[in-house]
Amino acid sequence: MLDIKLIREYPEVVRAGIRRRGDDPAQVDALLAVDERRRALITEVEALKAERNMVSKEISKLKNPAEREGKIAASRELGERIAELDKQTAEADAEFNQMLLWLPNLPHADVPDGTTEHDNIVVRTEGQPREFAFTPKPHWELGEALDIIDFERGVKLSGSRFFVLKGAGARLQRALITWMLDVHTQQHGYREIAPPYVVKAEVLVGTGNLPRFGENLFKIEGADLTLIPTAEVPVTNLYRDEILEVSQLPIYHVAYTPCWRNEQMSAGRDVRGIKRVYQFDKVEMVKFVTPETSYAELTTLIDNAEDICKALHVPYRLLRLCTADLGTATMKFDLELWAPGVQEWLEVSSCSNFEAYQSRRANLRYRPEPGAKPEFLHTLNGSGLALPRVMIAIIENYQQADGSIVIPEVLRPYMGGIEVIR
RNA sequence: GGGGAGAUGGCGGAGCGGUUGAACGUGCUCGUCUCGAAAACGAGUAGGGUCUGAAAAGCCCUCGAGAGUUCGAAUCUCUCUCUCCCCGCCA
């Protein structure tokens, strides 16, 4: 969430930011109205509480029963007014918090304006698409023919948009996870985390998935738990309600988890293949950093994700996302792999800086120097990378005329001797 | 799932219904002493909110969470959460 002091002091700046991302700036004024009402109530009730505390102190010293009774009656009366005002304050507070949690993050000045994803900017494209002597097939044809992706049985078990990996396909996914974790932990300085796959609602509020984006979540029936839509959620919340020493920062974490997303999309869209599914695997990088370093950290985060694309030798491109496509970030970059079978660029990573938007929600703080007041740190995260789409890219880019798939060099040590899936 | 114990400041650990935001110890910071360090001594050391132009000061809230009793709750009652021990079950 945003700093209420910033909103009070520079409402026009906040309105402008919200307008840029296509959201309604009137929310700001509604919020400020509630804030004002809330603060008036606080001032009033606190004055009464101060008075009651004084009277209470007097009562404890009084010996004379008559005097005592008089003070007690006065205090009782104060108590009744306080109870009424406390109730009103709590209501105003709840309303205030709900509105503040609903407000989006503000785009960074360098983010290009835009109204749809078409306004995203291609920063650069790396690698040459391979020349095929035959027409490259989509991954679902190759995967089914090789019996490494089983769509029918996935549907049988769990319904549409679920799939089963088999044999070398399952092995390839496991190899990718292990390899990516190894690269990030051994070469990029991340510490591996294996978090729970279900979390409490407050944890989802921490990352910004709630209250605004709850419709994509799978909630567990009979428990106050939700399946995580990304490892970002548990990992970003790791240090919630803690005050870290500045010497502990930056913290780099990487986590492999399955991700569950109850995508509300039209039934006919992206139904074939494993591009858009309800459950997928992902390796996610999360950074906790000091505010002054967060944009430099975003650059290295992108580099870390890009290293994976490079090592796979699959053409990819880097996109700078426009104001319409930021999610809850202040700035975001996407990495897309080229998939020659389906003839499209596949988003395999989003690298974002959230500044203090998430840390305020999750109460993630650090002490800038020993003895100093705690401040909110900055959080970033980026996929490194999202699995089913990397699988698509490998299967389609490394396919041969006979339908077999060559395993990329970097993955061979992880494939138990398999060099070609046939 | 059954039974028992507990949850207090960075940590340990007191705590009577009314100068307890909290004794005492310890840790940490600063100072004195020292060539320096240790020891000793002295001082300081939670978070949030609100008011004020800012700072300082003040005031309010917070002793796991929530609700209640009371003029007044860390202290009494209830509910929940979590931790520890014993029994049962189990990957």
Side-chain angles (χ1 to χ4, degrees), chain A residues 1-13 31-101 194-206 220 222-226 234 237-249 251 258 356 358-377:
Chain A
M1 64 191 165
L2 300 177
D3 184 358
I4 182 60
K5 288 181 186 139
L6 173 84
I7 303 172
R8 278 178 202 148
E9 228 169 307
Y10 305 103
E12 198 38 61
V13 171
L31 175 74
L32 285 174
V34 175
D35 180 43
E36 208 166 309
R37 182 154 56 83
R38 171 182 152 270
R39 285 194 292 161
L41 283 165
I42 288 171
T43 308
E44 196 180 348
V45 75
E46 283 192 355
L48 291 175
K49 282 180 180 174
E51 200 180 334
R52 180 178 62 181
N53 289 346
M54 268 167 56
V55 174
S56 259
K57 211 169 276 183
E58 285 168 23
I59 292 172
S60 67
K61 287 178 193 150
L62 286 177
K63 298 278 178 329
N64 181 321
E67 275 184 316
R68 223 179 132 87
E69 279 311 311
K71 288 288 183 191
I72 286 173
S75 183
R76 185 182 290 133
E77 200 174 309
L78 279 171
E80 281 162 17
R81 285 164 65 198
I82 287 168
E84 174 53 33
L85 283 172
D86 262 345
K87 200 175 132 226
Q88 289 180 34
T89 308
E91 284 165 9
D93 249 349
E95 198 181 341
F96 171 77
N97 283 326
Q98 193 65 16
M99 291 170 91
L100 192 57
L101 287 172
Y197 300 159
V198 292
V199 292
K200 305 176 191 176
E202 68 208 55
V203 170
L204 288 152
V205 171
I220 308 274
D224 289 328
L225 293 169
T226 301
N237 279 277
L238 259 188
Y239 307 105
R240 97 192 321 270
D241 297 323
E242 291 186 33
I243 301 170
L244 303 173
E245 293 305 321
V246 70
S247 56
Q248 296 175 264
L249 301 177
I251 294 172
Q358 293 183 324
S359 19
R360 260 192 211 94
R361 293 170 160 259
N363 197 23
L364 301 168
R365 294 177 297 169
Y366 77 106
R367 219 177 279 284
E369 52 187 284
K373 278 265 173 200
E375 282 179 23
F376 293 109
L377 45 77

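Here the structure is a predicted model, which means the values were calculated and not measured. In the text below, chain A, chain B and the rest are named by the order of the sequence lines, each starting its count at 1.
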Quiz item: Within the structure shown, what part of the strands sits under 4.0 Å from A:R8 by heavy-atom distance: base, sugar-phosphate, or nothing?
Solution: sugar-phosphate
Exercise. Assign each of A:S60 and A:I4 to its nearest nucleotide of RNA chain B by heavy atoms, then name whichever residue's nucleotide is nearer the 5' end.
Key: A:S60
Exercise. Ignoring backbone atoms, test whether A:K200 places a side-chain nitrogen or oxygen under 4.0 Å from the OP1 or OP2 oxygen of B:rU81.
Key: no
Practice problem: Please work out if A:K373 contacts a base, only the sugar-phosphate, or nothing of the nucleic acid, heavy-atom cut-off 4.0 Å. | Solution: sugar-phosphate
Quiz prompt | Side-chain donor/acceptor contact of A:R68 with base of B:rG18 under 3.5 Å | solution = yes
Quiz item: Separation of A:E51 atom CD from B:rC51 atom P, in whole Å?
Solution: 20 Å
Quiz item: Under 4.0 Å between a side-chain N/O of A:R76 and OP1 or OP2 of B:rU70, yes or no?
Solution: no
Quiz item: Hey, does the side chain of A:R365 come within less than 4.0 Å of B:rG48's phosphate (OP1/OP2), counting only N and O?
Solution: yes
Exercise. Tell me which nucleotide among B:rC59, B:rG47, B:rU50 gets nearest to the side chain of A:A50.
Key: B:rC59
Self-check item: Close side-chain approach of A:Q248 to A:E242, heavy-atom, < 4.5 Å
Solution: no
Exercise. May I ask you to say whether A:D224 pairs ionically with A:K200, meaning some side-chain N is under 4.0 Å from a carboxylate O?
Key: no
Practice problem: Report yes if some heavy atom in the side chain of A:L377 is under 4.5 Å from a heavy atom in the side chain of A:Y239; otherwise report no. | Solution: no
Quiz prompt | Nearest-Å distance once atom P is located in both B:rC85 and B:rC78 | solution = 26 Å
Practice problem: Provide, to the nearest angstrom, the distance between the CD atom belonging to A:E46 and the P atom belonging to B:rU52. | Solution: 12 Å
Practice problem: Taking atom P in both B:rA39 and B:rG53, compute the distance separating them and give it to the nearest angstrom. | Solution: 49 Å
Quiz item: Partner of B:rG68 by Watson-Crick or G-U wobble geometry, both contacts under 3.5 Å, or none?
Solution: B:rC76
Quiz prompt | Same-atom distance (P) from B:rC35 to B:rA46, integer angstrom | solution = 34 Å
Quiz item: When rounded to the nearest Å, what value does the distance between P atoms of B:rA91 and B:rU79 take?
Solution: 34 Å
Quiz item: Does a side-chain N or O from A:N53 land closer than 4.0 Å to OP1 or OP2 of B:rU19, or not?
Solution: no
Exercise. Report the distance from atom CD of A:E44 to atom C1' of B:rC61, rounded to the nearest whole Å.
Key: 17 Å
Quiz item: What is the distance from CE of A:M54 to P of B:rC60, rounded to the nearest Å?
Solution: 10 Å
Quiz item: Any side-chain heavy atom of A:F96 sitting closer than 4.5 Å to one from A:L31?
Solution: yes
Self-check item: Within-4.5 Å side-chain heavy-atom neighbours: A:L100 and A:I7
Solution: yes
Practice problem: Please state the P separation for the pair B:rC59 and B:rA7 - nearest whole angstrom. | Solution: 31 Å
Quiz item: When rounded to the nearest Å, what value does the distance between P atoms of B:rA55 and B:rU50 take?
Solution: 13 Å
Quiz item: According to the Watson-Crick and G-U wobble definitions, with both distances under 3.5 Å, which nucleotide is paired to B:rC35?
Solution: none
Quiz item: When the nearest nucleotide of RNA chain B is assigned to A:A47 and to A:I59 on a heavy-atom basis, which residue is associated with the more 5' position?
Solution: A:A47
Quiz item: Tell me, do A:M1 and A:L101 make a side-chain contact under 4.5 Å, heavy atoms counted?
Solution: yes
Self-check item: Nucleotide B:rA73, atom C1' - distance to CZ of A:R52 in whole Å
Solution: 11 Å
Practice problem: Provide the distance between the two P atoms, one in B:rA74 and one in B:rU8, to the nearest whole Å. | Solution: 16 Å
Quiz prompt | Whole-angstrom distance between B:rC84 and B:rU26, as gauged at atom P | solution = 29 Å
